[in-house]
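See structure below.
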There are 2 protein chains.
Amino acid sequence: MESRCENCIVRQFNSLRAMTKDELKKVSDAKVYKKIKKGDPLFEEGQKLDGVFCVRDGVSKLSKLSTNGKDQVVKLATKGSVIGQRSVIAEEHTNLSAVAVNDMEVCFVPKENILSTLQRNPDFAVEVLRHMAHDLKEADDVIVNMSQKTVKQRVAEAFLYLKQNFGEDKNGFLRLTLSREDIANVVGTATESCIRIISEFKKKGFIDTSGKKIKIADERGLKDLAQGF
Amino acid sequence: MESRCENCIVRQFNSLRAMTKDELKKVSDAKVYKKIKKGDPLFEEGQKLDGVFCVRDGVSKLSKLSTNGKDQVVKLATKGSVIGQRSVIAEEHTNLSAVAVNDMEVCFVPKENILSTLQRNPDFAVEVLRHMAHDLKEADDVIVNMSQKTVKQRVAEAFLYLKQNFGEDKNGFLRLTLSREDIANVVGTATESCIRIISEFKKKGFIDTSGKKIKIADERGLKDLAQGF
DNA sequence: AAAAGAATATGATAATTGTCATGTTTTGCG
DNA sequence: CGCAAAACATGACAATTATCATATTCTTTT
């Protein structure tokens with residue numbers, strides 16, 4: 001199950017693909033493979049990271065606790081994502097905590113590998129920049145959605161996002177199953193409000209549910225709703 | 001008024017300080033100095049940028065229009081900021097528009113200068129990365145504030161932010177004067193709600209106003225309020 | 001200086017969303 | 001299996017915020 005980075009498919013999806021054979025070898029020698037159980041943290045807000053996590057399988061939520069005790073999920077990181085890059089590069093403490101949403105397999109890569117490669121390989125640096133630029137754009141979009149859209153619209157968007165980014169299983173259910181509370185924390189609302197809206201969507205035929213599982217039944221309808229029609 | 005980048009103080013505040021003498025010379029030869037009047041755009045959302053803007057003076061709001069016609073200010077860029085980096089690096093269309101909040105002086109730097117320096121000078125690349133990492137962290141914080149704080153708390157934070165980042169004049173008024181509408185668009189609320197809260201803050205002695213100008217009268221009080229006490 | 005047009009201000013009201021209470025269902029576990 | 005705990009669900013109500021209407025003040029233009 002553990003293997004060499006050089007052969008890792010997951011690498012194709014992230015900035016590590018811009019590393020040279022040599023650099024990859026070093027990473028591979030230094031990396032530590034870890035399994036993380038659903039609900040366990042990769043790291044906590046405010047911690048100092050001495051490396052990044054490359055996600056091989058499973059999903060992690062990156063969230064921040066607010067003074068009132070709720071946490072806002074800022075991002076969901078899946079297979080191929082590199083977690084902790086920002087803090088390592090800025091050489092700051094993390095501003096988010098990372099918790100496994102389901103069982104995960106990750107590789108921990110010491111920051112020295114990342115930082116020295118950044119200094120030596122411009123292609124890698126530019127690749128990391130591109131990823132960060134993309135993340136920044138997404139963050140901007142989230143800000144706009146948070147301030148301009150209603151909770152209902154945001155819930156609709158969340159489902160569309162989940163379909164787009166994690167896909168559906170053979171029966172049409174969203175592959176990534178989140179608790180109602182997690183959905184609420186993604187959307188930025190109270191759990192009860194979220195549940196209420198899910199019930200409403202079900203009643204109106206936008207979605208179907210089976211336990212925690214959710215199936216998008218009327219994508220067009222959800223899209224219109226998310227746009228405000 | 002126009003001058004060489006090598007001697008520009010503003011450069012000290014942004015990633016251009018990591019450029020070599022030589023690279024700076026090239027930038028200096030290629031750059032175009034521009035004055036932009038209050039209210040005029042530097043660029044519009046969706047445009048393709050062929051360079052970045054280095055702010056020498058004045059302030060620009062970076063905002064995004066939503067379907068309902070309001071625009072959300074995502075960032076205020078002041079002296080020393082480089083605007084448009086994200087789009088140039090990702091080689092994408094801009095996701096935000098930039099409008100001058102007051103009269104501005106900027107230098108337009110063609111993207112070729114930026115991109116080639118990124119490839120050749122790892123120090124520069126890492127410096128840009130650091131800045132982007134910082135922006136990303138700030139964006140995450142904004143997301144959390146948007147979803148977890150009340151409008152009142154966000155208005156309080158906005159004033160504290162303005163003091164921190166733009167300072168006060170000799171009479172204690174915030175140096176950056178924004179219209180009520182702009183403040184509302186920073187905070188993500190309706191203009192009327194924003195005005196109402198400003199009135200309330202005035203009544204409660206948190207702030208003083210004189211026309212559009214705002215003076216923080218009780219910083220402790222505002223801070224407590226922003227934290228939820 | 002007067003008129004026109006913004007921007008600011010405030011009231012009244014409606015819509016959205018959060019909170020608390022209380023069931024019901026599902027899940028995990030000895 | 002059966003029980004406890006957690007997650008889900010829904011009602012009732014309160015708080016927050018948006019919207020619409022309408023003044024009032026400030027700015028700009030002529």
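None of these values were measured; they are calculated from a predicted model. Below, chains carry the letters A, B, ... as their sequence lines are ordered, and counting in each starts from 1.
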Using a strict cut-off of less than 4.0 Å between a Lys/Arg side-chain nitrogen and an Asp/Glu carboxylate oxygen, indicate whether Glu157(B) and Lys223(B) qualify as a salt bridge.
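Salt bridge: no.
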Does Glu105(B) pair with Lys34(B) as a salt bridge, N-O distance under 4.0 Å?
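Salt bridge flag = no for Lys34(B) with Glu105(B).
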Value in whole Å for how far the [atom2] atom of [N] lies from [atom1] of [X]:
{"X": "Gln153(B)", "N": "dA15(D)", "atom1": "CD", "atom2": "P", "value": "16 Å"}
{"X": "Gln148(B)", "N": "dT16(D)", "atom1": "CD", "atom2": "P", "value": "16 Å"}
{"X": "Lys202(B)", "N": "dT25(D)", "atom1": "NZ", "atom2": "C1'", "value": "12 Å"}
{"X": "Lys152(B)", "N": "dG18(C)", "atom1": "NZ", "atom2": "P", "value": "17 Å"}
{"X": "Glu181(A)", "N": "dG18(C)", "atom1": "CD", "atom2": "P", "value": "14 Å"}
{"X": "Met146(B)", "N": "dT17(C)", "atom1": "CE", "atom2": "P", "value": "15 Å"}
{"X": "Arg154(A)", "N": "dG18(C)", "atom1": "CZ", "atom2": "C1'", "value": "13 Å"}
{"X": "Asp182(B)", "N": "dA6(C)", "atom1": "CG", "atom2": "P", "value": "16 Å"}

Heavy-atom nearest nucleotide on DNA chain D for Ser147(A) versus Thr209(A): which residue maps closer to 5'?
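Looking at the nearest nucleotide for each, Thr209(A) comes out on the 5' side.
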Neighbours of DNA chain C within residues 186-201 of chain A, by heavy-atom distance under 4.0 Å:
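Heavy-atom contacts with DNA chain C come from Thr189(A), Ala190(A), Glu192(A), Ser193(A), Arg196(A).
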Check the phosphate of dA7(D) against Lys212(A), side-chain N and O only, distance under 4.0 Å to OP1 or OP2. Yes or no?
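Checking dA7(D) against Lys212(A), no side-chain N or O comes under 4.0 Å of OP1 or OP2.
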May I ask you to verify if any side-chain N or O of Lys70(A) is less than 4.0 angstrom from the OP1 or OP2 atom of dT19(C)?
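Checking dT19(C) against Lys70(A), a side-chain N or O does come within under 4.0 Å of OP1 or OP2.
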Answer with yes or no whether the side chains of [Y] and [X] bring together a donor and an acceptor at under 3.5 Å.
{"X": "Ser147(B)", "Y": "Gln72(A)", "answer": "yes"}
{"X": "Thr209(A)", "Y": "Lys202(A)", "answer": "yes"}
{"X": "Glu45(B)", "Y": "Asn95(B)", "answer": "no"}

Identify the residue among Asp182(A), Thr78(A), Asn165(A), Val101(A) that makes a side-chain contact (heavy atoms from CB on, under 4.5 Å) with Leu176(A).
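Among Asp182(A), Thr78(A), Asn165(A), Val101(A), the one that satisfies the side-chain contact (heavy atoms from CB on, under 4.5 Å) with Leu176(A) is Val101(A).
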Less than 4.5 Å apart, side chain to side chain, heavy atoms only: is that true for Glu192(A) and Ile195(A)?
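With C-beta onward as the side chain, the pair stays apart.
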